[in-house]
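Encoded as structure tokens, the structure appears first; notes follow it.
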Amino acid sequence: MRSLNRRAFLGTTAGLSAALLAGCGAGPATGTAAAGRPRGGGRLRVAFAGGGAQETLDPHLSNLFVEASRSKALFDKLADYGPDLSVQPRLAERWESDAALTTWRVTLRQAAFHDGRPVRAADVLYSYARIGDPARAFRARTTLAVIDLARSRAVDDRTVEFALRQPFAEFPNVLAAFGVFIVPEGAEDFTRPVGSGPFVFGSFEPGRSLLLRRNADYWEGAPHVDELQYLIANEESARVNALLGGQVDYAHDITATTARAYRGNDRLAVTRLTNSGMQAFAMKLDRPPFDDRDLREAMFLLADREQLVDTVLGGAGQPGNDLFGRGYQYYAEEIPQRARDLDRAEWLVRKAGAKGLRIRLDTSAAAGGFVESASVFADQMRQAGLDVRVAVGDKDTYWKDVLDRGSLCCFRSGAMPIESHFSQRLLSTSTTNITKWKRPEFDALYTRAVSLADEKARREVYAEMQRMQHAEGGYLVWGFADWLVATAPGVGGVVDAPANTLDWARFDKVWLA
Amino acid sequence: MLGAGAAEPVSLPKYAVRRLLLGLAQIVAVATLVFALTEALPGDAAVVLAGDVPDPERIERIRQELGLDRPAPVRYADWLLGLLRGDLGSSLTAGRPVAGFLAEAGGPTVQLAAITLLLLVPLAVAVGVVAAIREGRLLDRALTSAGIGLYSVPEFALAVVLVALFGIRLGWFPPTAVGVGPNLLAQPAVLVLPLLVLLARPICSISRLVRAGMIDALRSDYVRHAHRLGLSTRRVRLAHALPNAVAPAVQQLARTTDWLLSGVITVEAVFVVPGLGTALVSAVSARDIPVIQGLALVFAATTVAVNLVADLVAFRLAPRAGGAA
């Protein structure tokens, strides 16, 4: 069973490797800044963690970051998220709804699949029907559930009319959702995928390599590079080594330790993707001890967010304010940042009768920094008079394990619109409601918000919902992690965009000097 | 068995058949055990596939798609029946046949392991013999200290140091096999660092055994007798002392091959070699039981075969020790 410890030990050796190398080569940082103006040509080699021989090119099955990135190289969505998670048109040129917000008309831009066929309304309807197939288990199925496909139709080749089951002002979020890619009508076999994206399929070895060629006819302009190759290296240290050894040009997801070790080194440039990941502890509200509002408030107040950001994220992030979506559209900036107040926390712990109470904190290696954050936070809880036991669980099944079991666990989330966070995690009907926040008044506010066409009015309702969460919710959001990507000198065009948004891991705008 | 060997000598074919049958039973036992253990792991492929969106209804639907809603004994019986027909089944998550997985991932691992063994035997024997001949002198002491030092470095630590030094700082060899593809021989330079890691410890342990065996043999009566008969020193050492000296080393070599399987997992992870070790790690993570089972069969069969051959060779080299395994 040594294999199960692999991640752990390689995690520690990454630091050793970095330390051994620190100091070799000095000089000003180059990379993206020095790569100058865009140039054409060359093969861009990018390294990601992968999913072994189980990987797939079916864009509707994409789950891993490498799969999401490959999907966006080969396919397009109707819309995608900008850096603040607002929706940007992609294959859809524009959209408009009726006054009731139940019928949406989407006009497609002129675009073509790699085999020359135009992208038509029928392809859109086919793709959505495939994802929504009740007999299958595509990740985005529930996202599309708001669409009544039986009543939706192709008005003409470039116009789709979507009929919704209820008024939904945030329908563009659906068009941009994770995995909602447009495939040609009838596509079911993705061994040689045909999409409309900036790159054309070349060859694929699951778990090893995907080679793509430039799509010269891409509707948004052809990519700078001639070829794009995805290579798999599961360990962060291996991705960094491959980059330093000149075997790849871009390494996705590196640690803050590595970034620090190579600061000022001209062999490697680091781009920070700010606000990429929310870091939190999730308290369950439907059971003791966190059904007690005083104890939740004590938790909010005992947390030393700066310490967590410094130690767990290596300083690569910002403290959180118990709210999802810092820097995103509709985020309630006006709610004051919570500060540590240990005295009051202790007082609240006593008031809740929880002094010396044994609490289990569930964690696992399911996400980077989880185990570290649990151990740091357990110490902070102890300082307020709580007795904590950190339980390290199985990383592969962690998300399912903590959804219903236990009362306190580590949690993280990638970027998504604040509305999606509400609907997926905070409504009475949400299927992944880990904090068990079930408030009819909150549900009602959500229904009201999404039936308001006016953005400003919607913003006010969202702010109200965030105030409720901030005051007595179950998410103790302690930080927002920057994700770090490393590039070789001479790679240009890598931009700061949160993970899961349009410009993240997007390579048609990247060039090799 | 040990005592019986002296009273009633076992013939080589009889011994081979007995060991072969035992080996087959061991392989089936391993496959069954691995199935049971994988079943006992928390969660299944559906839970892993659902990932951070563990919507219970969706997990149930994935389970139905993958056929995981059938009881475990039924799935095991299915797999066993398939095995009798020579069918290893299909990956739960990728849907492709397991045999294909094994063939793809087997290439790089077999290359690594085979080259390791090819280099290991002559190198370890040479080091052991030289040390034995120079027993107690400077060269012997130097080889011994270097060997013990190297033996106490874990593979992953050695790998990290070698990569940092020769792969990155000096840039002599590629630090990883990223982008090389399944045939590592296409770019032999990528093999250098992984082979150094895989060779380091077994060279130490086997050369120590050869050295000890050789020293014993050189002091034995028959070697002294051979010298008295006027045979050349070279002939005495290589034709008479060496065969007796390497018998224990052959069995150590077999154990080394078992060890190679786990060493390869480490080396594959550090150097990003897409072989059987990498396949096993991702299959266990994905709870992809048919793939895990297929890999377990390969590992078990290799171990059994290598030990069988080693025992037979040892039996030939020194019949008295043969039955001991």
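Chain letters run A, B, ... following the sequence lines, proteins first, then strands; residues in each count from 1.
- Interface residue A:Phe138: only backbone heavy atoms are found under 4.5 Å from chain B.
- Interface remark: B:Ala279 contributes no atoms to any contact with chain A (heavy atom separation under 4.5 Å).
- The structure places OG1 of B:Thr278 at 11.5 Å from CD1 of A:Ile232, a figure rounded to the nearest 0.5 Å.
- Across A:Ala367, A:Pro206, A:Gly50, A:Ala135, the residue that shares the most heavy-atom pairs under 4.5 angstrom with chain B is A:Ala135.
- Atom CG of A:Asp396 sits about 11.5 Å away from atom CG of B:Asp44, to the nearest 0.5 Å.
- The shortest distance between side-chain heavy atoms of A:Val248 and B:Val178 falls below 4.5 Å.
- Interface summary for chain B: among A:Gln229, A:Arg136, A:Arg239, the most heavy-atom pairs under 4.5 angstrom belong to A:Arg136.
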Exercise. Under the side-chain contact (heavy atoms from CB on, under 4.5 Å) criterion, do B:Arg58 and A:Thr142 qualify, and how do the steps go?
Worked result: CA-CA 9 Å; B:Arg58 177 163 173 251; A:Thr142 45; over 6 Å; no

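- Of the atoms belonging to B:Leu37, not a single heavy atom falls under 4.5 Å from chain A.
- Residue pairs meeting the side chain to side chain donor-acceptor pair (under 3.5 Å) criterion with at least one partner in residues 181-192 of chain B, sequence neighbours excluded, are B:Gln111-B:Asn183.
- Looking only at atom types and distance, the side chain of A:Gln247 has a donor-acceptor partner in the side chain of B:Thr176 under 3.5 Å away.
- Side chains of A:Thr432 and B:Pro54 form a contact here, defined as non-hydrogen atoms less than 4.5 Å apart.
- Both the backbone and the side chain of B:Glu104 come within less than 4.5 Å of a heavy atom in chain A.
- With a 4.5 Å cut-off on non-hydrogen atoms, A:Ser430 does not touch chain B at all.
- Residues A:Ala238 and B:Ala269 come closest through the heavy atom pair CB-O, 4.5 Å.
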Exercise. Do A:Asn241 and B:Ile168 pass the side-chain contact (heavy atoms from CB on, under 4.5 Å) test, and can you show the C-alpha distance, the side-chain angles, and the key distance before you say yes or no?
Worked result: CA-CA 7 Å; A:Asn241 288 337; B:Ile168 292 169; 3.0 Å; yes

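- Residues A:Arg141 and B:Glu57 are in side-chain contact: their nearest non-hydrogen atoms beyond the backbone lie under 4.5 Å apart.
- No side-chain heavy atom of B:Arg61 sits under 4.5 Å from any side-chain heavy atom of A:Pro134.
- Residue A:Arg412 touches chain B through its side chain alone, counting heavy-atom pairs closer than 4.5 Å.
- Annotation for B:Arg70: atom CZ counts as buried by contact number, over 12 foreign heavy atoms lying within 6.0 Å.
- Taking A:Asn433, A:Leu403, A:Leu61 one by one and counting their heavy-atom pairs under 4.5 Å with chain B, the maximum is reached by A:Leu403.
- For chain B, the option among A:Lys400, A:Glu205, A:Arg139, A:Arg425 with the highest count of heavy-atom pairs below 4.5 Å is A:Arg139.
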